[in-house]
Amino acid sequence: MNIVSVLERELGKEAVVGPGDERLEDYGRDESPLPEFYPPACAVLCESTEQVAAVLRICLEQNTPVTPRGAGSGMVGGALPVRGGVVLSTEKMQRIKEIDPADLVAVVEPGVITGKFQEAVEAAGVFYPPDPASLEYCSIGGNASTNAGGPRAFKYGVTRDYVLGLEVALMGGEVLRCGRRTAKGVTSYDLVAGFVGTEGTFGVITEMCVKLVPKPAAAATILGVFTDLAKAGLAIEALLRSGVRPSVLEIADKFSIDAVRPKARYRFPANAGAIVLCEVDGEADMMEMMMERIGLAFDELGAIDVLAASEPAERSKVWEARRLISGALKEAYRIKVNEDICVPRGKIVEMIARCDRIAAETGIPIAVFGHAGDGNLHTNLLSNEDPMDPAVREKLWHAAGQIFTHAVALGGTLSGEHGIGLTKKPYVTLEQSPQLIEWQHRWKAMWDPSGLLNPGKRLPERQKRCSE
Ligand code: MLT
Ligand code: ZN
């Protein structure tokens, strides 16, 4: 009996999206810049831990690759079934089981949409800070699998900092609960931290206990507009040195501005070449003073326009300009290879200058925006050439390799928040030693000796050692 029939028999036909179902195509794509479609044999839309465990048991029994998938919003191909087989989707596991403002924790299923979860949490008077740009459609389980960040990571940290406990289904069907719901806890090895960010290669998250924090009483947004990116980069470094601690410190260049200009309600000055977006939060009576301090700093650093907003409607107008960037660039160019290098904070200006040089040398426009306060820059290689042309792709990925090489040379890393998945796997050796890669293979083999769980992701192929 083939794998599709076995899954239909054990989980019911309604749980399986099989051959001939037009929805199946969706499970062979994600938000990565790869134009290929990776057809799975089927996708299983699990609704419970038991179903997830059953899929993992059946796939092991049938020697079939299985690729976990959240909302499919990943940007590095981590959820693509590159070896075929089964896509295990958690999109239907959408229950918020508990929000406890006294314990400052919540318990959720992995398919809960992050933005919806934030709304529910804030309605209960508390706050869940991780805010990936895709929060309106990404899922919290996917955020944990990639250790997603977002603008507020600057003050509040990334998803890993909020995951206290996990229930994980392992290859073969065993279900493991690890972690805690307390503020502190060191009784076991930190397996939770070990599962977060592993892009579904160690196990499938079926439940999460996450940390909440008190909701800030007020927030304000300040936008500084500069004539060029280098000035904006200097403004970021100066703000960081000045001791001001905003919750958000974002940057965007002229390509990004020009792409959002027709869509955004904020009217950018004609000579706008870069923006710095800053947010502060805390006690209401602090907002005025913080806005003034940052606004003045922007003025002194040569801003050509400064906008400070404390009312929600005004703030959302400013935020809109930032949140529209990725989609607007995607609409404006046929190819957008969007990377998310992270460099030490003192190297932001130097990294921007190196991107300029790579753009000039290769002739490929590079849009830069992102979470500059963390040194986490989205360097987007743009092209209007044919995405299926191997020569075009070779040229773009070669330029991406140059960006990675420079980021690593400056003490940085390939990925600050999107993950490695498929697209960045060939570049891991630029950053990691063969020894480190080998130890990661051993760690992966402990959780997934069969190698069937999300195969072909994250780790470059194993090097044969001399003794073997
Ligand atoms: C963002 O911050 O907008 C996303 O992480 C990056 C992207 O869409 O490239
Ligand atoms: Zn980002």
Side-chain angles (χ1 to χ4, degrees), residues 29-34 70-79 114-115 118 129-140 142-160 197 199 221 236 247-253 255-257 259-260 263-264 274-279 316 318-343 348 351 355 365-383 396 400 403-404 407 412-421 423-424:
R29 301 188 198 285
D30 67 1
E31 292 289 315
S32 65
L34 299 169
S73 57
M75 295 183 153
V76 293
T114 309
Q118 288 181 335
D131 62 340
S134 52
L135 60 84
E136 276 168 26
Y137 50 91
C138 65
S139 64
I140 196 160
N143 296 168
S145 296
T146 53
N147 190 19
R152 289 200 292 240
F154 182 56
K155 173 173 176 181
Y156 289 101
V158 295
T159 304
R160 173 174 286 127
E199 300 179 42
T221 312
I236 299 248
S247 52
V248 165
L249 194 44
E250 297 275 309
I251 200 167
D253 71 354
F255 285 110
S256 315
I257 294 172
V260 292
K263 297 170 182 286
I275 54 170
V276 175
L277 189 152
C278 215
E279 184 144 293
S316 85
V318 181
W319 267 106
E320 179 193 67
R322 161 63 180 95
R323 292 216 188 271
L324 287 172
I325 295 174
S326 187
L329 285 169
K330 211 168 171 179
E331 266 175 52
Y333 294 88
R334 289 179 77 191
I335 315 177
K336 167 179 174 282
V337 176
N338 55 326
E339 298 306 340
D340 68 316
I341 50 161
C342 196
V343 294
I348 297 166
M351 188 65 221
C355 286
I366 304 177
V368 178
F369 69 93
H371 322 295
D374 288 322
N376 185 191
L377 302 173
H378 295 309
T379 51
N380 288 249
L381 298 145
L382 305 169
S383 169
L396 287 164
I403 294 179
F404 295 140
T413 181
L414 304 186
S415 176
E417 57 176 13
H418 293 170
I420 296 300
T423 61
K424 286 201 269 273

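In this chain, residues are counted from 1 in sequence order. Just follow the structure's listing: the first ligand is 1, and inside any ligand the first atom is 1.
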Exercise. If the Zn ion (ligand 2) is the vertex, what is the angle to OE2 of Glu417 and NE2 of His371, rounded to 10 degrees?
Worked result: 90°
Exercise. Just wondering, do Ile420 and Glu199 contact through their side chains at under 4.5 Å, heavy atoms?
Worked result: yes
Exercise. Are any of the N or O atoms of His371 closer than 3.5 Å to those of ligand 1?
Worked result: yes
Problem set entry | Aromatic ring pairing His371/His378, orientation class (parallel under 30°, perpendicular over 60°, tilted between) | perpendicular
Exercise. Hey, does Glu31 sit under 4.0 Å from ligand 1 if you only count heavy atoms?
Worked result: no
Problem set entry | Name of the His378 atom (N/O/S only) found closest to the Zn ion (ligand 2) | NE2
Exercise. Any side-chain heavy atom of Asn380 sitting closer than 4.5 Å to one from Phe255?
Worked result: no
Problem set entry | Which of the ligand 1 atoms, numbered from 1, are nearer than 4.0 Å to a heavy atom of Ala133 | 1 (C), 2 (O), 3 (O), 4 (C)
For this session: Answer yes or no for His418: is there an N/O/S atom below the 2.8 Å cut-off from the Zn ion (ligand 2)?
Result: no
For this session: For Asp340 and Ser415, test the side chains for any donor-to-acceptor distance below 3.5 angstrom and give the result as yes or no.
Result: yes
Exercise. Within less than 2.8 Å of the Zn ion (ligand 2), any N, O or S from Asp340?
Worked result: no
Exercise. Counting heavy atoms only, which of Glu339, Arg322, Glu250 is nearest atom 2 (O) of ligand 1?
Worked result: Arg322
For this session: Tell me which part of His418 gets within contact of ligand 1: side chain, backbone, both or neither, using heavy atoms under 4.0 Å.
Result: side chain
Exercise. Are side-chain N/O atoms of Thr114 and Asn143 paired as donor and acceptor at under 3.5 Å?
Worked result: yes
Problem set entry | Residue from Leu414, Thr413, Asn376, Leu377 passing side-chain contact (heavy atoms from CB on, under 4.5 Å) with Ile341 | Leu377
Problem set entry | Close-contact set for ligand 1 against Ser326 heavy atoms, below 4.0 Å | 7 (C), 8 (O), 9 (O)
Seminar exercise, completed: closest protein heavy atom to atom 4 (C) of ligand 1 is His378 NE2, 3.6 Å
Exercise. Do Phe154 and Val248 have side chains that get closer than 4.5 Å, going by heavy atoms?
Worked result: no
Exercise. Can you check whether Asn338 reaches His418 side chain to side chain, under 4.5 Å on heavy atoms?
Worked result: yes
Problem set entry | Asn338 neighbourhood, listing ligand 1 atoms whose heavy-atom distance to it stays under 4.0 Å | 7 (C), 9 (O)
